[in-house]
Amino acid sequence: CYFNNISHVFILSLVTFSKNLNMIEIRHHTFGQPIIILEFDDSQEVIIYNDKLDSIFNHPEIQDRKVVILSLIGAFRGGKSFFLDYCLRFLYAHFPSINNPNKVTSFIFKKDDTWMGEPDEPLTGFSWRSGTKRDTTGIIMWNDVFLHTLDRTGEKIAIFVMDTQGLFDNESTPADNSRIFALGNLISSIQLLNLMNRAQEDHFQYLQFATEFAKFAGSSMIEKPFQNLTFLIRDWNNDDEYSYGTAGGNKYIKEVLSPNNCNNQELQSVRETIFECFNKIECCLLPYPGKIVASRKNYDGRWSEMNEEFRSELKTFIEFLLMPDNLIIKQINSIDVNVKDMSQYLKNFFTIFQSTEVPRTSSIYEFTVESHMNSLVKKCVNDYKMTVYRNSDLITKESMPIIHEKCKEKALVLYSHEKKMGSSEHDEKFRTELIDEIDKFYEYFNEQSEQKSKEIEAELMVQHAAIVRE
Ligand code: GDP
Ligand code: MG
């Protein structure tokens with residue numbers, strides 16, 4: 001009955017899901033739309049749209065897939081949405097997606113230019129170039145999800161694309177910027193920082209929070225707290241010294257981030273610790289796209305009007321970034337995160353930004369630990385439940401306590417072997433929570449079995465009564 005109910009719910013959600021599919025408007029080259037999942041209103045209050053987040057993350061097809069989240073953050077009108085829309089073109093040309101009815105079945109790299117679309121095709125996707133005045137400030141997610149199975153490991157992944165709008169501007173303080181930047185890092189696995197012309201002193205203030213977080217997390221993080229950070233520098237005009245693309249970019253960023261190149265004490269410490277916070281720091285230098293892209297009012301995004309040098313570098317970089325071998329699975333404390341857990345992480349991280357005006361490093365760290373440990377406890381409780389169910393044929397009133405103890409022991413061994421986060425107090429707290437959860441389930445299971453045997457007894461009595469009547 002328990003399993004029947006589950007499969008019933010599952011089938012129901014599949015039906016609803018396929019109904020939704022039919023309703024999705026199929027637009028030129030796109031099968032999704034941008035959805036605001038977190039918004040800062042005029043008084044800087046944070047509004048979280050959990051229902052929208054759920055509508056993207058709750059597809060039954062993707063729950064157990066590992067997560068890849070591409071995010072781009074940076075100042076307003078820096079060509080971020082424009083760049084992401086070309087990323088969407090690459091993704092649609094190479095990967096199947098939840099909403100794409102003409103599914104590309106597997107990844108075959110299109111070496112030619114075809115993934116970039118027709119030369120005169122207007123650019124759609126995340127809304128770009130919506131004027132000089134920013135309207136929405138927040139985090140926007142593409143509501144279609146790309147699917148792939150990694151050749152190297154056979155793992156199934158789900159790729160999400162996230163845009164940010166108006167988060168860094170003249171009105172926001174450096175402290176705000178660095179927190180928003182940290183939020184981007186916490187929730188994405190491929191984080192791009194979009195900068196105009198060059199990386200300068202005030203941009204490193206964004207990184208301050210990340211380095212603070214790393215110090216706070218200290219030894220409780222097994223690996224570096226953040227994954228990749230890629231500086232994407234637009235309108236680069238010093239290609240004599242550092243060539244376009246990632247080769248020149250990586251050389252450049254190494255120079256710029258070197259602590260020797262800095263007079264400011266505070267920023268020097270950022271430079272010193274930055275390499276300890278991120279698994280990998282990279283940089284790509286893109287050329288000026290040409291006058292039409294940069295300033296023509298009614299330019300519609302078509303690539304035929306880009307400077308050829310820019311088009312070619314844009315193409316090369318997107319191919320590099322999104323090639324399956326380079327996709328990075330979201331990890332927290334070096335554990336891969338799946339879609340199911342990711343939506344919970346997102347909600348948790350967003351909540352701290354909502355509950356305190358200026359979230360402190362300690363509370364963000366605490367949330368990371370809580371989220372990580374909660375999902376570990378859930379995993380171990382599920383392990384216990386599955387072993388109990390697997391043994392259900394052997395269960396009698398007498399054997400139940402012994403089976404319970406064995407399964408509990410197995411779940412606790414699993415808990416002790418898994419990577420944990422936080423202090424020994426955290427460890428103790430979550431271990432106790434795990435034992436409580438298991439004991440609670442045991443009580444419930446006992447009640448159920450007792451109920452079941454009562455039902456059987458009642459049924460036998462009815463049958464017995466019927467026989468007596470005859
Ligand atoms: P966002 O606010 O950062 O998302 O910027 P948009 O993607 O909306 O683009 C803002 C403007 O920048 C548009 O007019 C684009 O045509 C233009 N643009 C796109 N890429 C570049 C670039 O690399 N350099 C410059 N100078 N402008 C660009
Ligand atoms: Mg934008």
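Counting starts at 1 for both ligands and their atoms, following the listed order.
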Counting from 1, what ligand 1 atoms have a heavy atom of Pro289 closer than 4.0 Å?
21 (C), 22 (C), 23 (O), 24 (N), 25 (C)

Asp383: salt bridge (charged side-chain N to carboxylate O under 4.0 Å, His left out) partners, not counting sequence neighbours
Lys410

All salt bridge (charged side-chain N to carboxylate O under 4.0 Å, His left out) counterparts of Glu155, not counting sequence neighbours
Lys66

Taking NZ, NE, NH1 and NH2 as the nitrogens, is one of them in Lys429 or Glu370 under 4.0 Å from a carboxylate oxygen of the other?
yes

Compute the ring centroids of Phe146 and Phe95, then answer whether they are less than 6.0 Å apart.
no

Tyr345-Asn374 side chain donor-acceptor pair, cut-off 3.5 Å:
no

Any idea which atoms of ligand 1 are less than 4.0 Å away from a heavy-atom of Gly78?
1 (P), 2 (O), 3 (O), 5 (O)

Do any nitrogen or oxygen atoms of Pro287 lie less than 3.5 angstrom from nitrogen or oxygen atoms of ligand 1?
no

Tyr86-Trp303 aromatic ring centre distance below 6.0 Å:
no

Could you give me the CA-CA distance, side-chain angles and deciding distance for Phe160 and Val145, then say whether side-chain contact (heavy atoms from CB on, under 4.5 Å) is met?
CA-CA 6 Å; Phe160 298 81; Val145 183; 3.6 Å; yes

Exercise: do Tyr92 and Asp144 side chains pair donor with acceptor under 3.5 Å
yes

Flag side-chain contact, heavy atom, 4.5 Å: Asn382 against Lys385
yes

Looking at Val293, which atoms of ligand 1 are within less than 4.0 Å of one of its heavy atoms?
14 (O), 15 (C), 16 (O), 17 (C), 18 (N), 19 (C)

Heteroatom distance test (Tyr299, ligand 1): nitrogen or oxygen, under 3.5 angstrom:
no

Any idea which part of Arg234 is under 4.0 Å from ligand 1, heavy-atom wise: side chain, backbone, both or neither?
side chain

Backbone N or O of Gln331 within a donor-acceptor pair of the Gln227 side chain at under 3.5 Å?
yes

Is there at least one pair of N or O atoms, one from Ser127 and one from ligand 1, spaced under 3.5 Å apart?
no

Quick one: CD1 on Ile159 to CD1 on Ile328, what's the gap to the nearest 0.5 Å?
11.5 Å

Polar contacts were defined as any N/O atom of the residue lying under 3.5 Å from an N/O atom of the ligand; does this apply to Tyr288 and ligand 1?
no

From the Mg ion (ligand 2), how many protein N/O/S atoms are found at a distance short of 2.8 Å?
1

Kindly write out the residues that satisfy salt bridge (charged side-chain N to carboxylate O under 4.0 Å, His left out) with Glu418, not counting sequence neighbours, or none if the list is empty.
Lys379

For Ala75, the ligand 1 atoms with a heavy-atom partner under 4.0 Å come out as 3 (O)

Check each atom of ligand 1 against the heavy atoms of Phe310 and keep those under 4.0 Å away; list them by number with element.
23 (O)

Ala294 heavy atoms, cut-off 4.0 Å: which ligand 1 atoms fall inside?
26 (N), 27 (N)

Looking at Ser81, which atoms of ligand 1 are within less than 4.0 Å of one of its heavy atoms?
4 (O), 7 (O)

